[in-house]
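I have placed the structure first, in the form of structure tokens, so that the comments after it can refer back to it.
Worth saying up front: this structure is predicted, and the values here are computed from it rather than measured.
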Amino acid sequence: QVQLVESGGGSVQAGGSLRLACTISGNKYGTYYAMGWFRQAPGKEREMVASIAPHTEHAYYDDSVKGRFNISRDPTRNPFFLEMNSLKPEDTAMYYCAVGRTWRPRTMLPGDFDYWGQGTQVTVSS
């Protein structure tokens with residue numbers, strides 16, 4: 001069973017930075033997964049922040065984070081990361097990592113991903 005664990009969340013002031021990491025275990029066949037980061041604020045739907053293709057370095061970002069966030073992965077493909085810079089109060093949310101078998105260069109839905117982490121809280125104060 002594939003399992004994901006996020007780390008690196010916390011509280012920062014606006015303009016600060018955080019780096020989230022997602023560690024994958026149980027990928028015994030070495031499947032190349034598409035990797036993504038989602039976030040969910042209270043009372044809102046879960047939305048994709050960034051994703052990266054399984055076999056290339058092609059990435060896709062939501063317009064709200066483009067130029068501020070960067071998704072990357074270790075050369076071994078585990079873990080993968082979300083570097084968040086110039087954070088804003090509206091970035092406050094629970095952040096989730098996810099992996100799946102397909103990738104599209106567009107905003108993907110939670111149902112497009114197969115495995116999820118439990119989430120890590122990011123709080124940005126003004």
Hey, any chance Val122 and Tyr61 share a hydrophobic cluster, counting ILVMFWY side chains that come within less than 4.5 Å of each other, even indirectly?
-> yes
Quick one: which residue pairs count as a salt bridge (Lys or Arg N to Asp or Glu O under 4.0 Å) with a foot in residues 77-89, not counting sequence neighbours?
-> Arg19-Glu83
Any link between Val49 and Phe81 through a network of hydrophobic side chains (Ile, Leu, Val, Met, Phe, Trp, Tyr) touching at under 4.5 Å?
-> no
Kindly give the heavy-atom pair with the smallest separation between Tyr60 and Met48, and that separation in Å.
-> CD2-CE, 3.5 Å
Closest heavy-atom pair, His55 versus Tyr32, reported as atoms and distance to 0.1 Å, is ND1-CD2, 3.2 Å
When rounded to the nearest 0.5 Å, the distance separating CG of Leu82 from OG of Ser72 is 8.5 Å
Nearest heavy-atom contact between Gly26 and Val2 is O-CG2, 3.9 Å
So do the side chains of Val99 and Asn27 get within less than 4.5 Å of each other, counting heavy atoms only?
-> no
Would Val124 and Glu90 count as a side-chain contact (heavy atoms from CB on, under 4.5 Å) if you check the C-alpha gap in whole Å, the side-chain angles of each, and the deciding distance to 0.1 Å?
-> CA-CA 8 Å; Val124 185; Glu90 52 263 44; over 6 Å; no
CG-OG1 distance between Asp114 and Thr102, expressed to the nearest 0.5 angstrom | 7.5 Å
Considering only heavy atoms from C-beta outward, does the side chain of Leu20 approach that of Met84 to under 4.5 Å?
-> yes
With a 3.5 Å cut-off and sequence neighbours excluded, list the donor-acceptor pairs that the side chains of residues 103-112 form with protein atoms.
from   : atom 1 : to     : atom 2 : distance (Å)
Trp103 : NE1    : Ser51  : OG     : 2.8
Asp112 : OD2    : Leu109 : N      : 2.7

Report yes if the distance between the aromatic ring centroids of Trp37 and Phe69 is under 6.0 Å, otherwise no.
-> no
Nearest 0.5 Å please: distance from the SG atom of Cys97 over to the CD1 atom of Ile24.
-> 7.5 Å
Can you tell if the side chain of Arg39 reaches within under 4.5 Å of the side chain of Glu47, non-hydrogen atoms only?
-> yes
Taking Thr120 for its side chain and Tyr95 for its backbone only, find out whether a donor-acceptor pair lies under 3.5 Å.
-> no
Do Gln13 and Leu87 have side-chain heavy atoms sitting under 4.5 Å apart?
-> no
Examine Val65 and Val12 and state if one hydrophobic cluster contains both, with Ile, Leu, Val, Met, Phe, Trp and Tyr joined whenever side-chain heavy atoms are less than 4.5 Å apart.
-> yes
Report the distance from atom CG of Asp91 to atom OG of Ser64, rounding to the nearest 0.5 Å.
-> 7.0 Å
With Gln118 via side-chain hydrogen bond (donor to acceptor under 3.5 Å, both in side chains) - residues at least two apart | none
Side-chain heavy-atom pair Arg73, Glu57 within 4.5 angstrom cut-off | yes
Identify whether Phe80 and Phe38 are in the same connected component of the hydrophobic contact network (ILVMFWY, side-chain heavy atoms under 4.5 Å).
-> no
Verify the neighbour count for atom NZ of Lys28: are there more than 12 heavy atoms of other residues, nucleotides or ligands below 6.0 Å?
-> no
Smallest heavy-atom separation, Ser126 atom then Pro89 atom, equals CB-CG, 3.9 Å
Hey, quick one: are Ile71 and Phe113 part of the same hydrophobic cluster, counting side-chain heavy atoms closer than 4.5 Å, chains of contacts allowed?
-> no
